[in-house]
Amino acid sequence: MHPAHAGGTLSRMDFTATLLPRLHLFELIDQPWYPRAARNLSTDYLHTVSTRMGLFDAAADVLARGLQAAGTDTLVDLGSGGRGPVPRMQRLLEARHGLKTQAVLTDLYPNAEAAERARSEGATYLSRPVDARQVPADLRGMRTLFNALHHFKPEEVREVLEDAQRRGEAFAAFEVVHRTPGGVLGTLFVPLLVLLFTPFIRPLTPLRLLLTYALPVAPLALTWDGLVSTLRAHRPEELKALTQSLQRPGYTWEVGEVREKGKGSVTYVLGMPVR
């Protein structure tokens, strides 16, 4: 790259970081007091939109590398909410890489209804709360976080990564929210997306219809949380600085961005044991 171009890129990155410093505002679904029914409105929607739009499809190759490096066929998903994209990722891993996997889904606030649906898909969804910063020793396998890393402050992200590294478990976090002007403007479309995708959510209950179309609880809550997620997102260069400080013999970290044709970019953090 020409030095002038490199300088221009750096200047734009610095300008964006200055224009949009990370703000750790509150997300409704993070709050212990938030009603379970309202939280499920959001997490079930996020599962549906991520699956139907294939937002994380580009992550399949990264996941495959982590699984192969760790020599495991188990995904331990943290912050699963309404199941997230894990079932779709399992199908992609088998179709693209011939990897048959089993999945254990977990969350700090488990979604009991989603747990029942997960069982029908052959996954296990734990009913007990699991904190991504201190994963119980009995949960062995490659740890994943889909669009959940921004819920943690930088020092908490370090705890999440250190816990995986200390246990020698492969780790991958993927984010489709980006702290950029475009990312912030994109949240303006969230209410429309909620209205469009709600009919595809299962089960489609009278309460969900009421709190989406008659009383716009779901559109407003998801728009607020979407905006906050964008302002909380960790930029790739911030994640690179963090992982560089974690490098140890026997374990390696990388940060990057992947993209699938016709879809937005996915920021990832990948940790792998070196055998």
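Because the structure is a prediction, the values reported are computed rather than measured.
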Exercise for the section: Over 60° means perpendicular and under 30° means parallel, so classify the ring planes of Phe174 and Tyr268, tilted if in between. Expected result: tilted
Exercise for the section: Give me the ring orientation class for Tyr45 and Phe197: parallel if the planes are under 30° apart, tilted from 30 to 60°, perpendicular past 60°. Expected result: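 The arrangement is perpendicular - the two ring planes meet at more than 60°.
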Exercise for the section: Please step through salt bridge (charged side-chain N to carboxylate O under 4.0 Å, His left out) for the pair Arg96 and Glu260, ending with a clear verdict. Expected result: CA-CA 14 Å; Arg96 296 181 181 181; Glu260 194 142 308; 2.8 Å; yes
As an exercise, state the distance from [atom1] of [X] to [atom2] of [Y], rounded to the nearest 0.5 Å.
| X | Y | atom1 | atom2 | answer |
| --- | --- | --- | --- | --- |
| Leu220 | Leu211 | CG | CG | 11.0 Å |
| Leu92 | Thr101 | CG | OG1 | 10.5 Å |
| Leu25 | Ser229 | CG | OG | 10.5 Å |
| Arg140 | Thr74 | CZ | OG1 | 10.0 Å |
| Leu126 | Thr106 | CG | OG1 | 6.5 Å |

Problem - Cationic tip of Arg39 above Tyr109 ring, under 6.0 Å, 45° of axis - result: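 Yes.
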Practice task
Kindly write out the residues that satisfy side-chain contact (heavy atoms from CB on, under 4.5 Å) with Arg91, not counting sequence neighbours, or none if the list is empty.
Solution key: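 Only Thr51, Pro87, Arg88 meet the side-chain contact (heavy atoms from CB on, under 4.5 Å) criterion with Arg91.
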Practice task
Answer yes or no: is there a side-chain heavy-atom contact under 4.5 Å between Leu63 and Leu75?
Solution key: yes
Problem - By salt bridge (Lys or Arg N to Asp or Glu O under 4.0 Å) - contacts of Glu175 (at least two apart) - result: none
Problem - Exercise: identify the closest heavy-atom pair between His234 and Leu149 - result: NE2-O, 3.4 Å
Handout entry: Candidate pair Glu121 and Arg83, rule salt bridge (charged side-chain N to carboxylate O under 4.0 Å, His left out), full reasoning
Key = CA-CA 10 Å; Glu121 297 173 325; Arg83 305 196 313 289; 3.0 Å; yes
Practice task
Decide if atom CD of Gln134 counts as having more than 12 heavy atoms of other residues, nucleotides or ligands within a radius under 6.0 Å.
Solution key: no
Practice task
From the options Glu156, Glu155, Glu162, select the one residue that forms a salt bridge (Lys or Arg N to Asp or Glu O under 4.0 Å) with Arg158.
Solution key: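 For Arg158, the salt bridge (Lys or Arg N to Asp or Glu O under 4.0 Å) check succeeds only for Glu162.
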Practice task
Scan for salt bridge (charged side-chain N to carboxylate O under 4.0 Å, His left out) pairs involving residues 195-223, sequence neighbours excluded, and state none if there are none.
Solution key: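 As it turns out, the salt bridge (charged side-chain N to carboxylate O under 4.0 Å, His left out) pairs with a partner in residues 195-223, which skip direct neighbours, are Asp44-Arg208.
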